[in-house]
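Within every chain, numbering begins at 1; the chains are lettered A, B, ... in the order of the sequence lines, protein sequences first and strands thereafter. Being a predicted model, the structure only gives us computed values, none of them experimental.
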Amino acid sequence: MSAILIIEQVLNGLQFGVMLFLMAAGLTLIFGVMGLINLAHGSLYMVGAFAAAAVAGVTGSFVLGLIAALIAAACAGAIVEMVVIRRLYKAAHLDQVLATFALILIFSEGTRWVFGSFPLFLDIPDALSGPVTLPGGIQYPLYRLTLIAIGLAVAIGLWALIEKTRIGIQIRAGENDREMIAALGVDISRLYTIIFALGAALAGLAGALVGAIQSVQVGMGEPVLILAFVVIVIGGIGSIRGAFIGALLVGLTDTLGGVFLPELFKLFMDTGAAQKSGSAIASMGIYILMGLVLIWRPTGLFGTRA
Amino acid sequence: MKHLLLATAAAVFCAGSALADTKIGMITTLSGGGAGLGIDVRDGFMLAIAQSGRNDVEVVIEDDQRKPDIAVQLADRMIQSERVDIMTGIIWSNLAMAVIPSAVNQNVFYLSPNAGPSQLAGPGCHQNYFNVAWQNDNLHEAAGSYANSADYTNSFILAPNYPAGQDALTGYKRMYEGALAGEVFTQLGQTDYAAEIAQIRASGADSVFFFLPGGMGISFLKQYADSGVDLPVVGPAFSFDQGILQAVGDAALGVVNTSQWNKDIDNPTNAAFVESFSAEYGRLPSLYASQGFDTANLILSALDKASPSDADAFREALRAADFDSTRGDFAFDTNQHPIQDIYAREVIQEGDVFTNKIIGVALEDHSNVYADQCKM
Amino acid sequence: MRLKETYLNAAVLLGLLAVPLFALVTDEPFTITLVTRAVILALAAVGLNIALGIGGLVSFGHAVFFGLGGYAMGILAHHAQTYTAMDFGAFSIAGTKVMPVIWVVAVTLCALVALLIGLLSLRTSGVYFIMITLAFGQMFFYFAISWAQYGGEDGLSIYVRNDFPGLNTLVPIQYFGICFVLLALALLLFHRLQNAPFGLALNAARQTAARVETVGLTPMHLKLVAFVISGVITGLAGALFADLNRFVSPSMFSWQLSGELIVLIIIGGVGRLMGPVIGACVFVALEHLLGGLTVYWHIYLGLILLSIVLFARGGVIGLLTGKEGAHV
């Protein structure tokens, strides 16, 4: 196993990780500020991907598709917040789980009703397609490098938003004491809608970006949702920094585990069996990671409250 | 509340259920992930029923949501309450394994329009079970055979880590004579193949064989095309059927895949099928649609000779396979699985539409290796 | 008009008996199968209700036990039907097709696994507990998918239902009888637990853990015991479910199934004796009726669930009796 292959796999893990971060950031913000478990976050990811595929299909422009994804997901998020979620902030976690589970059903079947059962087409823009040669002779797809860059840019942007802006102060205050900021005259319901729409837009962005290299289909959001939950739980719920670290850990564990575990197993068993059992353990890898983290730190790496 | 979806034909010919002499139960996947396949099988099947103009056949259609427990429950109802004579429709091998053994043991005929798990072809075969599509290994074997004819000597092979995936790699290796540059099991439902593609790049292979049905295949092909790795790819038809090709786009162009059917197979039945399917549903048929269509025509041909109530005569009529298949020559082996040609196809673009063109026969009059293990 | 909960409970149980008997008279065997399905799902949810409703433990991984019960049945029956023994190297065990034996195995297995998962998971609470139980569910799910020896993702098929001494389990009404009796026993146990000192202490631990500690009890122990009992009952349901379908597959371990069990309880009423039973009946009926109307029935199911959360806090029981469900 050469150094080049290892570096390439680490890049793959990073790229997977930053895309998970886009999902996890919204999820953890919504939980941190509003105390809401939003299972329907994966549906917003799907909405973004479908909006991008539909608009890019009509206009032929990937950038327009991305913009459409952001707008569609943000709008869907804002509408859902105003119509349903707003009534759930005071409800028990269980009610939130059930209501947002119901939203998944409505979103998924609604999308299928509108777009049909077959996957949609969304392609990488020409300018970003194909591989580039990195220092050291590594061939790596330009689009994936772009994804890493976008993910890191969003992470920095979010950090700046929360640390440096007025709305960021309100968000941080909201995480600490909801009643207090309402008492200080902040329009709390508007703040909640904005946070929800922001989280939704990030999910939609992730859906559109990833949709270009994967399959745009109904149900694409749920596996990612589960992974995003794993990420925020590892990182500590409510912590953006935790989500970032957690996302990279999950991305790297999943990618590197799938590659290196079978190789490791080959040292002491025959090739076929090593392949099978290695990939079996690798598929459980991130859940084992999460279990270990929680047993070690019951509120995640950067979490403060349960 | 009966949920009967009467055959379109039966509706046109004003046939109530009281008139129907033969009742066919179709359990297939119509909602959730993978619904496209079930919809194609259903549409192909119903097209044949409509074209037959028979008003004595009633089709009860149910959606299994791709869940084995729902499929079993629906099968129980069809057998116990609806009292169907014949069942068909299941797409997925795991659902087939859940339903078929108990159905055929309750004296119902089962004709599989898609799944062909090896258990049911070998020791678990049954006189009431017919497969009208293929044994699961067939298309992979054909891919291995094509790889030999294309002089590939160092293949990298990958499939998801589940029984059908393990069978796929076994099937390929059964025919393929070259060396293996690598053998990888991916996760079922995996959407990112960057890691595997990096391994392919580093492996020094001269070709890639993959079996990744549904959305997995779309993701793999798009990412592979973008990676700059330009080794030739070969795979079974499942990742290149009409339903998903449009979602893969350019990335699939030129890829060779193996199939027992294509829309350009030159026979009058097939030409008429492609034309009438496109006219009826406004889209090109897929191989699943052709399998549904053939299944219905096989049943109709047997009904012309005998009634399912005379089980022995009906079974003989099915075995004769005396119908015009869209695939041309079609016969059953002793374990009641098809003997048929399997073609190598290439993905091409016709105007705006991506589709397949036959480039050669990969395996001629091919059966399956399990026939010897079947004792009826 | 508000119903008394006792009358409602009695009516539900009678209804659950009457429908299959009516179906028997009118020769609608499938209706019996459908009710049996509801009864088994209800049993699984009664198990979860002990952890969730009394103990406040939102386990998003109860499919682990449902699946373990299912696989206990599947593996034992598979070895019995192929006349092979399970080989553990030093010793081997023959399979069996006798239901009570299978149940004992399933229950023991689930108790051990629940003890282990409980010990690890109960270190966390709240959302972290939800997620760590989910993580265990996913581990079992992926393990079952890759376990080629027992069918992997294809699952295991059993050609004939297992035997119960003195009964013909293939007759729908007789199998329904077995499941109904087990459900009744589980309900009795739930009722006893809820009103016994153990249940009261557990309930108190859910609301204010500190108070329980001051009287000398350890909330952790109470919760662990509740979690184990809960897992055992859900596991028994899994074995029955597998026998109903004569089939097991990794989907019994899926997170969707864990979610469905929670949904059943919320529909009926959290912490209510008959909550899971009502929830399971409503769910199976919706699935059956809506599924026949349109292939897009999930939309309507979603809308109905949403209305329950928004307008019927406390589930169907809360709606009918005016009592709110337990706050979790």
Given a strict heavy-atom distance threshold of 4.5 Å, which part of N161(B) is in contact with chain A: side chain, backbone, both, or neither?
-> side chain

Could you look at V248(B) and say if it's the side chain, the backbone, both or neither that has a heavy atom under 4.5 Å from chain A?
-> backbone

Distance-minimising heavy-atom pair for G215(B) and S215(A) = O-CB, 3.6 Å

The interface call for Q190(B) against chain A, heavy-atom contacts under 4.5 Å, is neither

So what's closer than 4.5 Å to chain A heavy atoms on A195(B): side chain, backbone, both or neither?
-> both

Spell out, as yes or no, whether a donor-acceptor pair under 3.5 Å connects the side chain of D226(B) to the backbone of G130(A).
-> yes

Please look at L120(A) and chain B and tell me whether the side chain, the backbone, both or neither of the residue comes under 4.5 angstrom of a heavy atom of that chain.
-> backbone

Short question: side chain of Q214(A), backbone of S219(B) - any donor-acceptor pair under 3.5 Å?
-> no

Gap separating the OG atom of S283(A) from the CZ atom of F185(B), nearest 0.5 angstrom | 13.0 Å

Would you mind checking which part of D40(B) comes under 4.5 Å of any heavy atom in chain A, side chain (CB onward), backbone (N, CA, C, O), both or neither?
-> side chain

List the steps, then state whether side-chain contact (heavy atoms from CB on, under 4.5 Å) holds for R201(B) with I4(A).
-> CA-CA 11 Å; R201(B) 196 201 306 270; I4(A) 289 186; over 6 Å; no

Among A202(B), G228(B), A198(B), which residue forms the greatest number of heavy-atom pairs with chain A at distances under 4.5 Å?
-> A198(B)

Spacing of Q9(A) atom CD and E196(B) atom CD [to the nearest 0.5 Å] | 8.0 Å

To the nearest 0.5 Å, tell me how far I218(B) CD1 sits from I213(A) CD1.
-> 13.5 Å

Donor-acceptor contact below 3.5 Å, side chain K222(B) vs main chain I124(A) = no

Shortest non-hydrogen contact from P119(A) toward A247(B) | O-CB, 3.5 Å

Please round to the nearest 0.5 Å and tell me the distance separating atom CG of L158(B) and atom OG of S279(A).
-> 11.0 Å

Quick one: are Q187(B) and D254(A) in side-chain contact, heavy atoms under 4.5 Å?
-> yes

Would you say the side chain of M220(A) lies within less than 4.5 Å of the side chain of T191(B), judging by non-hydrogen atoms?
-> no

Select, from L122(A), D123(A), L142(A), V210(A), the one with the greatest count of heavy-atom pairs under 4.5 Å involving chain B.
-> L122(A)

Which answer fits S108(A), side chain, backbone, both or neither, if we ask what part of it has an atom under 4.5 Å from a heavy atom of chain B?
-> neither

Interface moiety of A212(A) toward chain B, non-hydrogen atoms closer than 4.5 Å | backbone

Please flag which part of L128(A) lies under 4.5 Å from any non-hydrogen atom of chain B: side chain, backbone, both or neither.
-> backbone

Can you name the residues of residues 172-181 of chain B that have some heavy atom under 4.5 Å away from a heavy atom in chain A?
-> none

Do R144(A) and D192(B) touch side chain to side chain, with heavy atoms closer than 4.5 Å?
-> yes

Can you tell which part of P223(A) gets under 4.5 Å to a heavy atom of chain B, answering side chain, backbone, both or neither?
-> neither

In terms of heavy-atom contacts, G249(B) and F121(A) come closest through CA-CE1, 3.6 Å

Okay, Q139(A) and chain B: the region with an atom under 4.5 Å from a heavy atom over there is both

Over 12 non-hydrogen atoms of neighbours within 6.0 angstrom of CG in D270(A) = yes

